[in-house]
Number of protein chains: 2
Amino acid sequence: MQLTKGFEQAACIIALLATQNRQIPISSQVIHDRVNGSQTYLQKLLRKLVVAGLITSASGNSGGFSLAKDPKEITLLEIVQATEGEIKTYPDLGFIDLVFRDFRPLSQEATHVINQAFHQADQLWCQYLSTKTVYQIIVDTFGKEDIPLVDWNDSKIDSSLILPKLKK
Amino acid sequence: MQLTKGFEQAACIIALLATQNRQIPISSQVIHDRVNGSQTYLQKLLRKLVVAGLITSASGNSGGFSLAKDPKEITLLEIVQATEGEIKTYPDLGFIDLVFRDFRPLSQEATHVINQAFHQADQLWCQYLSTKTVYQIIVDTFGKEDIPLVDWNDSKIDSSLILPKLKK
DNA sequence: GCGTTTTTACTCGGATACTAACTGTCCGAGTGCTTTCGG
DNA sequence: CCGAAAGCACTCGGACAGTTAGTATCCGAGTAAAAACGC
């Protein structure tokens, strides 16, 4: 049970935007150069983030994407939900009701009880991630309060750096 | 992000065994009749549960499967881990280190911070599920303390009951 | 100059192909109870 | 009778096929800023 690769990419995009000089949007080209994935697949991810209201897109010349709100107000949970949809770990395909179908009202009660248990667990997970803001994550990495802003559109990647291989 | 179909089936099998007269194992045939899935795939699930030490198998004539320990000592978390392996929701494919590869020591720090955050969330999820025992789930459904035991090998399924369709 | 047209650099969104994890199938081997059979 | 052999009803575990969610690709359309153009 894992989050998707798409989520990890989305998180990076948010990190990129959070350290980007506001007002200036980042073009999808620049994002692609850094993330090294499928150009068009990234655009689908970006679209999801736009729909979720985490980022905004500007079309036209010198357009691109920017953060829709302050990094202090974007939580990890929001990124998860934007890319994965609502979190519900118990699949609930109705197996309990199938297996115990000759004990009918009870089998449905059992389904309810187990759904409840997993829902509670999911709540705890979500609740914790909703306390972790993007701002806090960045501050924790830098180890200082003020986040330096850049214009990623300018900075070329040093191509002498070997491309780190992604884990299997 | 969901648990697999296999987990839901495994949970049903545990429920079946938890209401089974101890000493008498349930044959894989009977389990299959109830769960209605792939005969041999169920056996793979059963194998996982055996390896995890949740159930035991008896080979030979009139063999089958029984619970390895008291339902009070089997938690939902154990079933999850038996079927899914260790829970680690953040994929950690190394995208952060890739995207910010020209800020090297820092990018690794960021990876660590986010891993830490998700690990913490996972812990909360696991911790909660480890408090939910199979016994407690069953008691909650029945609404009474003593769980009636049956020999599922005997009880035929009333075939007049229409097979409930599984959700997509 | 100043308004209009063209160019350019982007995003939007649907249709479709690829891929890997999950699910399902097949088959030969091993194990222990039960039945059969020879003496 | 009684011990050994055969049969039976199970599990074990590897190799491989099918399915589906997630990932990747293609392409035509739309949009807004900047540049070019005409008078």
Side-chain angles (χ1 to χ4, degrees), chain A residues 1-10 12-13 17 23-33 35-52 55-66 68 80 82-86 88-89 91 93 95 152-153 166-168, chain B residues 1-10 12-13 17 23-33 35-52 55-66 68 80 82-85 88-89 91 93 95 153 166-168:
Chain A
M1 191 187 63
Q2 269 196 334
L3 294 168
T4 62
K5 184 173 167 182
F7 164 74
E8 192 165 336
Q9 293 173 306
C12 289
I13 292 170
L17 291 173
Q23 319 312 336
I24 311 177
I26 306 183
S27 76
S28 69
Q29 182 58 52
V30 170
I31 292 177
H32 174 244
D33 287 344
V35 181
N36 276 100
S38 152
Q39 171 84 282
T40 49
Y41 180 56
L42 285 180
Q43 296 196 350
K44 291 205 182 308
L45 284 178
L46 286 161
R47 183 85 194 109
K48 281 187 183 177
L49 294 174
V50 170
V51 171
I55 68 179
T56 57
S57 71
S59 71
N61 204 337
S62 77
F65 299 88
S66 3
V80 169
T83 54
E84 313 266 332
E86 277 304 311
K88 185 182 176 190
T89 52
L93 301 168
F95 269 105
W152 293 107
N153 297 303
L166 292 180
K167 301 176 189 172
K168 96 154 188 176
Chain B
M1 190 189 63
Q2 273 196 168
L3 294 168
T4 61
K5 185 173 168 185
F7 164 75
E8 192 166 338
Q9 295 174 305
C12 289
I13 292 170
L17 291 173
Q23 320 310 336
I24 309 178
I26 306 183
S27 76
S28 71
Q29 181 59 52
V30 169
I31 291 177
H32 175 245
D33 288 345
V35 181
N36 277 100
S38 152
Q39 171 81 286
T40 48
Y41 181 56
L42 285 180
Q43 296 197 349
K44 289 201 184 313
L45 284 177
L46 285 163
R47 183 83 194 110
K48 282 187 183 178
L49 295 175
V50 170
V51 171
I55 67 178
T56 56
S57 70
S59 71
N61 205 339
S62 77
F65 298 89
S66 359
V80 169
T83 55
E84 315 266 333
K88 184 181 175 187
T89 53
L93 302 169
F95 270 105
N153 295 304
L166 293 180
K167 299 173 191 172
K168 94 156 189 172

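Order of the sequence lines sets the chain letters (A, B, ...), proteins ahead of strands, with each chain counted from 1. Excluded from the calculations below are hydrogen atoms, water molecules and symmetry mates; all remaining heavy atoms, backbone and side chain alike, are included.
- Among residues two or more places apart in sequence or in another chain, the side chain to side chain donor-acceptor pair (under 3.5 Å) test is passed with A/Asn61 by none.
- A donor-acceptor pair under 3.5 Å is absent between the side-chain atoms of A/His32 and the main chain of A/Ser38, judged by distance alone.
- Under the rule for a side chain to side chain donor-acceptor pair (under 3.5 Å), the partners of B/Thr4 that lie at least two apart in sequence or sit in another chain are B/Glu84.
- Straight-line distance from the CD atom of B/Glu84 to the C1' atom of C/dA21: 12 Å, rounded to whole Å.
- Spacing between atom CD of B/Glu8 and atom P of C/dC22 amounts to 16 Å, rounded to whole angstrom units.
- With sequence neighbours excluded, no residue forms a ring-ring contact (aromatic ring centres under 6.0 Å, His included) with B/Tyr41.
- Every residue meeting the side chain to side chain donor-acceptor pair (under 3.5 Å) condition with A/Thr89, not counting sequence neighbours, appears here in chain and number order: A/Asp122.
- Nucleotide C/dC18 holds its C1' atom 18 Å from the CD atom of A/Gln39, rounded to whole Å.
- At a threshold of 4.0 angstrom between heavy atoms, the contacts of A/Gly6 are confined to the sugar-phosphate backbone, with no base atom among them.
- Distance, B/Met1 CE to C/dC22 C1': 17 Å, rounded to whole Å.
- Distances shown here put a side-chain N or O of B/Lys5 below 4.0 Å from the OP1 or OP2 atom of C/dG24.
- The separation between B/Leu45 atom CG and D/dT11 atom P is 14 Å, rounded to whole Å.
- A search for side chain to side chain contact (heavy atoms under 4.5 Å, CB included) contacts involving B/Gln2 returns A/Pro91, not counting sequence neighbours.
- Counting to the nearest Å, the C1' atom of C/dT25 and the CG atom of B/Leu42 are 13 Å from each other.
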- Task: Summarise protein proximity over nucleotides 6-16 of chain C in one line of letters, 5' to 3': B for base, S for sugar-phosphate only, - for none, counting protein heavy atoms closer than 4.0 Å.
- Result: --BBBSSSBB-
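- For the pair B/His32 NE2 and C/dG24 P, the computed distance is 10 Å after rounding to whole Å.
- For B/Gln2 and C/dT23, the CD to P distance is 11 Å, given to the nearest whole Å.
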